[in-house]
> 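What follows is a structure written as structure tokens; I'll ask about it next.
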Amino acid sequence: MTVTCGNPIAFDTLVAYWLGELPEQSEGTLEEHLFSCAHCSARLEALAALADGVRATVADGRVSLVVPGRFVESMQRTGLRLREYRLDPGSSVSCTIAADDDAVISRLHAPLAGVKRLDLVRVIGDDVQEQRVTDVPFDAAAGEVFVIPPAAWLKTMPAFTMRMRLVDVGETGERPIGEYTFNHSPS
């Protein structure tokens, strides 16, 4: 028998609750509902399992991510060993990852005021492997995009060059925002 709820909690509200971002008064009301509703409690448990899986995948360094700044702050609070590189448009950096690093954070600074949708284009080597990540999260006010390459992959790589481009995708077409060059060396 499937249990349903006459007034299910919205997914974004469950996420905000899970992240501890609800006001105290809303949190109390939501918890009362969760204690009495098997359907919504099961949805919260599924969200928790998903969060645990994402956390484990990131911690294992098996995935590349573009994340909001609060995700990086959460990684720092949990004590992960992070290596950070901050780049401005047109700049390059010599970079690496050490055996004991949990992740590398690339902080791409850019003029993002007025940008509605931002894509990230990655090019490894001589324009051979181009990857486009569409509609990435960004903080327009801070002018930052946070990119986390897969740590497990980086730790196995020989020296190589990767370029990242931020592209403003608007109603009238695309506009390059900045290009960033990473010159990776194994540690």
Side-chain angles (χ1 to χ4, degrees), residues 1-87 97 100-120 132-154 164 166-171 177:
M1 177 177 160
T2 303
V3 178
T4 60
C5 175
N7 189 22
I9 299 168
F11 181 74
D12 58 336
T13 303
L14 280 176
V15 170
Y17 173 75
W18 178 251
L19 294 174
E21 296 177 350
L22 284 181
E24 279 187 46
Q25 62 205 30
S26 299
E27 189 173 293
T29 303
L30 187 134
E31 286 175 346
E32 285 179 28
H33 180 94
L34 288 171
F35 288 131
S36 64
C37 179
H39 173 78
C40 290
S41 292
R43 290 178 60 225
L44 181 61
E45 287 176 18
L47 177 64
L50 176 64
D52 288 344
V54 169
R55 193 174 292 117
T57 301
V58 171
D60 289 347
R62 298 180 304 206
V63 66
S64 178
L65 300 168
V66 182
V67 299
R70 69 177 186 255
F71 187 89
V72 174
E73 292 166 6
S74 172
M75 292 174 75
Q76 291 167 332
R77 279 194 307 274
T78 62
L80 292 175
R81 293 174 306 266
L82 306 178
R83 183 177 297 264
E84 289 191 30
Y85 296 101
R86 299 168 189 252
L87 286 90
I97 183 169
D100 63 345
D101 288 337
D102 293 310
V104 171
I105 311 295
S106 302
R107 296 174 78 132
L108 308 180
H109 293 265
L112 299 172
V115 174
K116 301 284 189 248
R117 179 183 140 192
L118 189 67
D119 287 2
L120 173 73
R132 186 177 194 115
V133 183
T134 60
D135 202 10
V136 299
F138 62 94
D139 184 338
E144 275 190 313
V145 176
F146 297 88
V147 182
I148 305 174
W153 170 75
L154 277 178
M164 293 187 199
L166 294 177
V167 180
D168 176 8
V169 180
E171 293 175 13
I177 300 279

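Everything numeric here is computed off the predicted structure, so don't read it as measured data.
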> Evaluate the side-chain proximity of V167 to R132: yes if any heavy-atom separation is below 4.5 Å, no if none is.
yes

> Can you see which heavy atom on P150 is nearest to which on S64, and at what distance?
CD-CB, 3.5 Å

> Below 4.5 Å, heavy atoms only, C-beta onward: do R43 and C5 meet side chain to side chain?
no

> Can you list every salt bridge (charged side-chain N to carboxylate O under 4.0 Å, His left out) pair that touches residues 73-86, not counting sequence neighbours?
R81-D102, R83-D101, E84-R86, E84-R107

> Shortest non-hydrogen contact from A151 to I97?
CB-CD1, 3.7 Å

> Counting C-beta onward and ignoring hydrogens, is there a side-chain heavy-atom pair between V147 and V136 closer than 4.5 Å?
no

> Report the C-alpha separation of L120 and L108 in whole Å, then their side-chain angles, then the decisive distance to 0.1 Å, and conclude whether the side-chain contact (heavy atoms from CB on, under 4.5 Å) test is met.
CA-CA 11 Å; L120 173 73; L108 308 180; 4.2 Å; yes

> Could you measure the distance from the CG atom of L80 to the OG atom of S74? Nearest 0.5 Å is fine.
8.5 Å

> Of the non-hydrogen atoms in A110 and I177, which two are nearest, and what is the gap between them?
CB-CG2, 3.5 Å

> Begin with the C-alpha distance, continue with both residues' side-chain angles, and end with the deciding distance and a verdict on side-chain contact (heavy atoms from CB on, under 4.5 Å) for L166 and F138.
CA-CA 11 Å; L166 294 177; F138 62 94; over 6 Å; no

> I need the minimum non-hydrogen distance between L22 and E27, along with the two atoms involved.
O-OE1, 4.1 Å

> Taking the side chain as every heavy atom from C-beta outward, state whether M75 and I148 have any atom pair closer than 4.5 Å.
yes

> Is there a side-chain contact (heavy atoms from CB on, under 4.5 Å) between M164 and V145? Walk through the geometry before answering.
CA-CA 11 Å; M164 293 187 199; V145 176; over 6 Å; no

> Treating T134 as the side-chain partner and D119 as the backbone partner, does any N or O pair qualify as donor plus acceptor under 3.5 Å?
no

> Scan the side chains in residues 6-19 for donor-acceptor partners under 3.5 Å anywhere in the protein, sequence neighbours excluded, and list what turns up.
from : atom 1 : to  : atom 2 : distance (Å)
Y17  : OH     : E31 : OE2    : 2.9

> If every non-hydrogen atom of L82 is compared with every non-hydrogen atom of V72, which pair is closest and at what distance?
CD1-O, 4.3 Å

